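Worksheet for the structure shown next.
Letters go in sequence order (proteins before strands), and every chain restarts at 1. All values reported here derive from a predicted model rather than from experimental measurement.
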Amino acid sequence: MYQATEDPAIIERIYRSLRVIRRVEEEIARLYPSDKIKSPVHLSIGQESVAVGVCDPLNGDDFASGTYRGHATYLAKGGDLNAMMAELFGKSTGCAGGKAGSMHLIDIQNGVLGASAVVGTTIPVSVGFALAFKREGKGRVVACFFGDGATEEGVFAESLNFAALHRLPVLFVCENNGYAIHAPLSARWATDRLRERVATYGIPTHFVPDSDTFVLRDVVEETLPELRSGRGPVFVECLTYRWREHVGPSEDYDGGYRTRPEAEPWLRCDPVEVAGARLEAGTRTRIDADVEDAIAAAIGFAEQSPDPDPSELLADVFAD
Amino acid sequence: MSSPINTERVTTFPNAILESTRFEMARDPSVILMGLGITDHIGILGTTKGLVDEFGPDRVIETPLSEDSVTGVAVGAAMAGLRPIHIHIRMDFLMLCMNQLVNMAAKAHYMYGGTVRVPMVVRAVIGKSWGQGAQHSQGLHALFMHVPGIKVVAPSNAHDAKGCLAAAVRDNNPVLFVEHRLLYRTESAVPSADYCVAAGRARVCRRGSDVTLVGVSVMLLECLRAAELLEDAGISAEVIDPIWLAPLDSATIVESAGRTGRLVVVDTGWTSCGAAAEIVARTVETARSDRAIRVRRMGYAAATCPPTPVLEDLYYPNSARIAEAAYALVRPEGPVWRAAADKAEMAYAQEFRGPF
Ligand SMILES: Cc1ncc(C[n+]2csc(CCOP(=O)(O)OP(=O)(O)O)c2C)c(N)n1
Ligand SMILES: [Mg+2]
């Protein structure tokens, strides 16, 4: 029987991280009709446990790569909240000075490698980071997040092969939420034996069927020594569920491609609630208040920050 | 905008595409659709809506995220006698299809000595606004204009969308069909009867004598608006829609620019080695030599598209900037003229509102 960590510091840290991500995205959804965020937003609400469970045991100088659905990855890896909010507002103080928007969040200082809006494209880029880390020899690893849809691109298979061939320190994390936009897995996969496909490259695979944050955290923590020691990549498949529409702030259970009953079991095991229930009430209240303060400060920071200067349009086309 | 053909019925750009697709599929059982999201409730912004119910999943094929492979599948199916239409919600995704399009689709007929044909259509939507940013906003049609063996068409209105798609489907070559997202809200008169808008004929949309404006896709609307601004300044602009970019009807543009002596070509893409560069070069190459033509290319700023609205606004040509550039060509000695700000809004009056 699996025994979740009893370490109160870890439980608190995980809850705080889950809560920040959930509340930031709820605030984004709340602000969205004001048109202050003129950027397509792909919310991770409901899927936060994947980012938090994987990133919690990583070191500050390890890296994580995300997707356009990347707010959770960015925040879980320690990306700066003020810089993220300012980026969504298109301000000069954003993590890319207004040139990334929601879909390309990056924070190199904190090990957030960046994100692409072209599905699958950051997978080999992560492998490239891992190639450099292997040469560096300090045991750093890259956690590479992608959706179930990304595994259909040829580059996924090519990247697995390369990483396995060269024994690179990549943790491949498939966030399987069952859909690519509105298309279910059954319309896209001949079989659902994803982990078997991956295993044929000689890559060890793991499965977390409900993406329980604590289970996932332990799985990742256990694989880290082998990753750091140069034995090659590891693959984790996490089943999860997207609560909101593919892109945008709302729910879409009336779209006809899925039903609310399908979502119910996922809504009932809300990862934020599961972690929160493991805290003493006072602790939880204190963390919640901290989180609200941090988010309010980030929104204030974004609102008060200046727009980019027009000269920025042609800046950074080439590096010096 | 007004249509060249008089008819009672007015419809939108996406409806025109849907109607044309439905007609071609009913007319010719070898026509099939492939793509991501073509069978869902959105149906590529309405352009494929209901087709899976009408023609079945064997002809309206929802695909995995495997653009490279699916493009090759379309090439093979076309060589074997089908007429696939492969649909991409963003043109940026064509970068995954490049090998199959450039090395197979464009080459097969020639490389195999004329023994096979590749009659396929690739529909690709160019995005704009609402933070589409670096990878959801690119106009990459010029990359394909570069390659012999691929045709490229970029209709600017619903009438041409219907007629060009019909022509593209019936063409025995690979055709890239370029759709700008901001045209989706436009309407024009569209005959319900079957018709083709064939390659090789540009359209003069407005007569003028001082300067020729050529607008590609959505930039045609900006050029028409610019012509109105110029009229207020006493300058008469001729406006041309090239419609098909490859093959290009240079003759119509050469005739016009030869007459006005000034040519501004505005693309929904970058200017360097772009559609505007090609149109300008062909025009000055073939124009009569007794009158020099002053030229100007316009397009995206030479940068990656920034999502932040303040920079994005500077990134794109608009009617005011086009009018000012044309004015400077016509009156190079005169004082700098600025288009009236209130009249210079984007031609597509309503701003596009996200998330997509
Ligand atoms: C190469 C490519 N093809 C298509 C798209 C359009 N698209 C955007 S998100 C998406 C679904 C991706 O699904 P998945 O990888 O499961 O991630 P999720 O959105 O479910 O998190 C698609 C098809 C794209 N952005 N890039
Ligand atoms: Mg998915």
Looking at every heavy atom in both A:Gly101 and B:Pro307, which two are closest together, and how far apart are they? N-CG, 3.5 Å
Which heavy atom in B:Trp130 sits nearest to a heavy atom in A:Ser39, and how many Å separate them?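 Looking at all heavy atoms of both residues, the shortest contact is NE1-N, 3.5 Å.
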Could you please state which residues from residues 149-157 of chain A sit under 4.5 angstrom from chain B, measuring non-hydrogen atom to non-hydrogen atom, sorted by number, or 'none'? A:Gly149, A:Glu152, A:Glu153
Taking only residues at least two apart or on different chains, which pairs with a member in residues 82-95 of chain A satisfy side chain to side chain donor-acceptor pair (under 3.5 Å)?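 Passing the test, one end in residues 82-95 of chain A: A:Thr93-A:Ser305.
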Can you tell me which residue pairs pass the side chain to side chain donor-acceptor pair (under 3.5 Å) test with a partner in residues 60-74 of chain B, sequence neighbours excluded? B:Thr39-B:Glu62
B:Lys107 atom NZ, over 12 foreign heavy atoms within 6.0 Å: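 It does: B:Lys107 NZ has more than 12 such atoms within range.
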Is it the backbone or the side chain of [X] that comes under 4.5 Å from a heavy atom of chain B, or both, or neither?
| X | result |
| --- | --- |
| A:Asp316 | neither |
| A:Ser116 | both |
| A:Ala100 | backbone |

Would you say the side chain of [Y] lies within less than 4.5 Å of the side chain of [X], judging by non-hydrogen atoms?
| X | Y | answer |
| --- | --- | --- |
| B:Val310 | A:Pro308 | yes |
| A:Leu314 | B:Tyr315 | no |
| A:Met103 | B:His136 | yes |

Hey, which of [options] has the most heavy atom pairs under 4.5 Å with chain B?
| options | value |
| --- | --- |
| A:Glu312, A:Lys99, A:Lys38 | A:Lys38 |
| A:Leu313, A:Val118, A:Asp307, A:Ile37 | A:Leu313 |
| A:Gly97, A:Ala183, A:Gly255, A:Gly120 | A:Gly255 |

Counting heavy-atom pairs closer than 4.5 Å to chain A, which one of B:Leu311, B:Asp40, B:Leu36, B:Leu314 comes out on top? B:Leu311
For chain A, find which of B:Ile42, B:Leu65, B:Thr304, B:Asp92 contributes the most heavy-atom pairs closer than 4.5 angstrom. B:Leu65
Please name all residues satisfying salt bridge (charged side-chain N to carboxylate O under 4.0 Å, His left out) with A:Glu25, sequence neighbours left out, ordered by chain then number.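 Salt bridge (charged side-chain N to carboxylate O under 4.0 Å, His left out) check on A:Glu25 returns nothing, list empty.
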Parallel, tilted or perpendicular, judged at 30° and 60°: which one describes the rings of A:His182 and B:His41?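 Aromatic pair A:His182/B:His41 classed tilted.
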Please check if the side chain of B:Thr308 supplies one atom and the backbone of A:Gly90 the other of a donor-acceptor pair under 3.5 Å.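 Flag set: sc B:Thr308 to bb A:Gly90 pair under 3.5 Å.
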